Amino acid sequence: MAEEMADMPEPERALAGIAAGVASVALIENGPAAARIVLRCRPDVASLLGAASGLDLGGRINTARLAPGCAVLKLGPDEWLLIAEPEADPWLGARLGAAAGAGAVSIVDVSHARGSLVVAGPSVEAVLAAGIALPLTIDRFPVDRATRTLLGKSEVVLWRRAPDRFHVEVGRSFLPYVAEFLSLAIAHEAAIAALPR
Amino acid sequence: MLQIRCPWCGEDRPEIEFRYAGEAHVVRARLPADESDAAWAEYLYLRTNPKGWHAERWHHVHGCGRFLNAIRHTVTDRIAVTYKPGEPRPTIDDQQGPTP
Amino acid sequence: MIEDDKGPGGNRFRTASGGRIDRSQPVRFTFDGRAYQGYAGDTLASALLANGVHLVGRSFKYHRPRGIVAAGPEEPNALVTVRRDWRRTTPNLRATEVEIHDGLDAVSQNRFPSLRFDFGALNDRLSPLFPAGFYYKTFMGPERFGRGASGAWARIYEPVIRRMAGLGRAPVDGDTDSYASRHAHCDVLVVGAGPAGLAAALAAAEGGARVMLADEQAEAGGSLLGAPDVMIGGEPAADWREGALARLMSFETVTVLTRTTVFGAYPDHLFGLVERLTDHLPDQGRGVPRERLWQVRARHVVLATGALERPLVFPGNDRPGVMLAGAAATYLHRYGVLVGTRSVVVTTTDSGYRIAADLAEHGVRIEAIADLRGRAGEAAEAAARAAGIPIHGGVSVLGTGGRLRVSSIRLALRDGRRERLEADSVLMSGGRSPTLHLFSQLRGRLVWDARHHAFLAQDPLGGVSLAGAATGLVEAPVDDAFESGTAAGVQALAALGMSGVGTVALGASMQSLPPADSVVPVAPVARHLEAASFIDFQNDVTAKDLRLAAQEGFRSIEHIKRYTTTGMATDQGKTSNVNALSHVSGVLGRPVGDIGHTTFRAPYTPVTFGALAAECRGTLFDPVRLTPIDPAARERGAIFEAVGPWQRARYFPKPGETMHQAVARECLAVRTSVGVFDASTLGKIEVVGPDAATFLDRMYVNAIASLPVGRSRYAILLNEAGFVIDDGIVSRLSDVRFHVTTTTTGAARVLAHMEDYLQTEFPELRCWLTSVTEQWAVVAVQGPRARAVLAPLVEDVDLAPDVLVHMAQTEGRVLGVPARVFRVSFTGELGYEINVPAGYGRAVWSALLSAAERVGGTAYGTEAMHVLRAEKGYIIVGQDSDGTLTPRDLGLPVGERKADFVGKRSLSRSDMLVTDRPQLVGLETEDGRVVLEEGAQITRDSAPAVGTHAVGHVTSAYHSAVLGRSIALAVIEGGRAHLGETFHVPMPSGVIRVKVVSPAFYDPKGGRLHG
Ligand SMILES: [Zn+2]
């Protein structure tokens, strides 16, 4: 029966082709295509699971750890968001599933539930601070800090990748809002910088 | 806008990340069917509503997603301490708080 | 008397040199349509005064001519409207803060038809009719007009009063300017960049603190900007200011914000700031933010907010040309403007003498110093005598003369003689009040200090330091302000656990301050002169009004404020507070300290709505959520409706179809063939873990623990009080994994509700909740041909009616895409809901729709969905229920066989068991063409009298195409006992007769579900 099937369609990105911004302030582009898994379990299970899967689940809350092909963002005391290369999807799920065995673990695929933006540039802190109430200076929000918060009226996961670069994870239907908000913030920042002093 | 120290995140976070969730330490009976109408009505509807220190619940809904308890002064809005659900209510020395 | 407005470009009152204006840069602007010229660096007020214009407005209530009083944000009179274009007009700007630029177009307010001739001034003649509490006393009746929103006040008086009395007009159309916003965090926020603020910022910055320094003026410097001769630490003030600023700017950790007002202090040291970016510039074009809102969280704040000079209370003190002495000095030194050529200084302070001598030195003829006190300090008096100024001590002011500008002042001298002095300006020096609005908003207590005749900050407040004149150092030398600023900066560092660099000389603490000028309280005004003695210029409150309020029994200053309106509006007590209190104190015979002060409300000066909204306007006002299928529905010409934050396809009209026709066609297609529907907005939660079944069993009314793998169940969610808050389908994917749906708008609420119980009541249960609303696009395929449409497109799914039965579920592939296939129905027909990962949603919807169209099917929208479910009597939570209905009320299962679930205990409370609770029923209108109105009330009587109790209301009403008549759902008290009976729906067009029926209008046995 499968042979009669039409070709499986290509999945659509949540928000394709975003490229906006002002180079002297910050630029916005789509984050890389990714597989995403929300992993939930108690700490004792987490250490077993980490050992078995090779993922480092031991980091502090609100930080990110990088493993080959997969980033591990600890967003809650018992919650990890795994962001992996798309090809990693099957093996990641399988590896975790096997490691989990019959244990008390929740593994849920949210690959399509979110999209991401990469915001980078010399004024990236100021641009994000238009909508985010957390302190974003490098001393308070260092590289590989990652946390859920609000940007304007949208929930996001904010992850600092480099001093001038942030990864912003957004629910699929909120992505256009966040992209527009940040574009406007960049335009404002550029216009203010150009005002006569 | 308050700053609330999330005991799970271990840091101060802005109030907009939280949702208020009512008075703390109002415990649901293990067997509600055994409760009298009066006791159940009290559980549902009667709250202490103090002028002063108040134990209340907040949900760090746009943060770590966890519920927490806070002792907040209902006149000054000052939060003396936050702690995890299930932990006993700390006693607050009234002198600690600014008197209105 | 100086003739006003002789002509444009006069600048006749401009000094030959001096001031911080740039005389090489003339600026042209208009005021009330007349062209004037000023210079770069001028405010509208200074430029008008340079041209001899004092008359700038009419007062709030009596429409009395009013002039410029001050030189800063405390200006009560000179409120103007600035027009960029017809959509961008800003009312109620203080002319003392409006910086002029080429093309500035400002107009006066509260006058008709013109400033010089104003009809409203008749109010002034009638002023005995406008006493304190006038509005409350006069505009009460007549009773026949009713009360409240429909009463005489709202319908007749208020519109007229609002036109006559009031500040500027708000623009009618949307603001085309844009506004930015920024959150910021710092160690030390310094408010005010005068000498104290600069010193505090420097000290904190040198100690390594992250510092923000905000000042409302165009440039930092505060009082130094108008004090060219002052020395700081042996250096001319201007040089010191330049050096201090340059040093501050050299720190990466320092942010200096000018044209920035710290307008409010909020809990936990959050401060609201508004930075004016472009108002002082010629038009910058679209998209350049006009203002920026800053929300600053500071660990420590230094209030170097200075002090505001007080007017004096005497008859005729509101005439244009009567102004603050300190303002006159500021206009002279900062702007090179003389506010007049012949002045009388009325004073209760020694600084009045100094200013008089200063002005005299710059060519103003000071006719006299009229000191309301007995005597002045020796130094002050000597300086004035040296300048040849006549001094009268112990005088009182009997009145002023002049119509649109002061021309004379009448004094009663100590020896009983009366004297009339010609003057084009009268300068008041009534002492200064520390600006403690923010201190008060931070919940700091203010205490009355008789020596300063002002409120001072009482106790130290955690995280707050005061510096400079704000501490009460109001008449002290600048060096003291500098020292107190440095001390505040060091104090901030210490509080933050940082240490200052080097040693800083600690300035005078409050206790060791040199005594301030001897300031006497406001000289009492003779009783018969109180009606002309203004205390609050902006709100037109006189000494007599306050006396009246006190005599009528008002004792609390908060009540007196509301009764007389003193200290309201933009003034917020800046100029009026202390004078009002002093007067009330005199009337009541109680010390000022016992009376207290009114609340200093934020904002300190008005803030535009634009700044508060900032980016959140237009498409960014609220996120608009679109489903993955949205673009395909748009291509099909769908008409959309908002459902919570979502845009959902409401119906899909064919060319020429009305909504009614399209919905009827869509409904019939589902009943007779097949329809395809985007249900992606449904909330979805994946519940996983060994205790998932136990948890869901405790949450839902329905039995979940016993649900077999591969099966689904309609489930009702209650709150603990027993009321229905949501419903959905719970499906068991495996022993430990459930797929749960919620209503579209309930998704976040339900997740939070479940998290609450899981985390705080049942923390022992090992299961977790993950929102997958956005992971899955959902395509509902509903109708007798649903299976036929689906069959060719699925793999690994056995659609056989006896395998995938109603309320069964399986995983497989649709169009090659991994899918969760649920056999469920919200239409009463054979139906499936196909869940595919969101990125495939559009392709799968389109393919299923094409397949459906080949067999006569169609796409349908939310409107048809509503009709179809109503034909079956299926409720929509939030439409047919409203948070006060139990499952029993709605005719749903009540979980009798389960031991416990959230809300169960409440269902057996006595109130929940009474028989006349509202119950869901169906209604049929006698005339099937009539569709009831949702929300309409229902009565038993056919002709209910006004006030009749309504026994229920209509919750849903539609035309049903398949039944060929209208249908409705309703809740009626004890409704199920009245099946077959006639009730009435009274409407403006007449009473509609309805019959109570079962809510299941179509296929009540449900046979079609199992097709
Ligand atoms: Zn938290």
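What you see is a predicted model, and the numbers here were worked out from it, not measured in a lab. Numbered from 1 within each chain, the chains take letters A, B, ... in sequence-line order. Hydrogens, waters and symmetry mates play no part in the numbers below; they use all other heavy atoms, side chains included.
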* By a 4.5 Å heavy-atom criterion (distance strictly below it), what part of H185(C) contacts chain A: side chain, backbone, both, or neither? -> side chain
* Proximal component of R140(A), with respect to chain C [non-hydrogen, under 4.5 Å] -> side chain
* Proximal component of I132(A), with respect to chain C [non-hydrogen, under 4.5 Å] -> backbone
* Which atoms of Y179(C) come close to chain A, meaning under 4.5 Å heavy atom to heavy atom: side chain ones, backbone ones, both, or neither? -> backbone
* Structure fact -> Whatever's closer than 4.5 Å to a heavy atom in chain A on E615(C) counts as both
* R297(C) portion near chain A, given a 4.5 angstrom heavy-atom threshold -> neither
* To do: Determine, step by step, whether R182(C) and E125(A) satisfy the salt bridge (charged side-chain N to carboxylate O under 4.0 Å, His left out) criterion, reporting the C-alpha distance in whole Å, the side-chain angles of both residues, the deciding distance to 0.1 Å, and the verdict.
  => CA-CA 10 Å; R182(C) 176 84 73 83; E125(A) 284 176 13; over 6 Å; no
* Heavy-atom contact with chain A under 4.5 Å, split by part of L769(C) -> backbone
* To do: Check whether E10(A) gets within reach of chain C through its side chain, its backbone, both or neither, counting any heavy atom under 4.5 Å.
  => backbone
* Which portion of T770(C) sits near chain A, non-hydrogen atoms under 4.5 angstrom -> side chain
* Given that the side chain runs from C-beta out, which part of W646(C) has a heavy atom under 4.5 Å from chain A: side chain, backbone, both or neither? -> side chain
* Tell me, for S771(C) versus chain A, whether the close heavy atoms (under 4.5 Å) come from the side chain, the backbone, both or neither. => backbone
* Region of L134(A) that comes under 4.5 Å of a non-hydrogen atom in chain C -> backbone
* To do: Return the option, out of D622(C), T278(C), L281(C), with the maximum number of heavy-atom pairs under 4.5 Å with chain A.
  => D622(C)
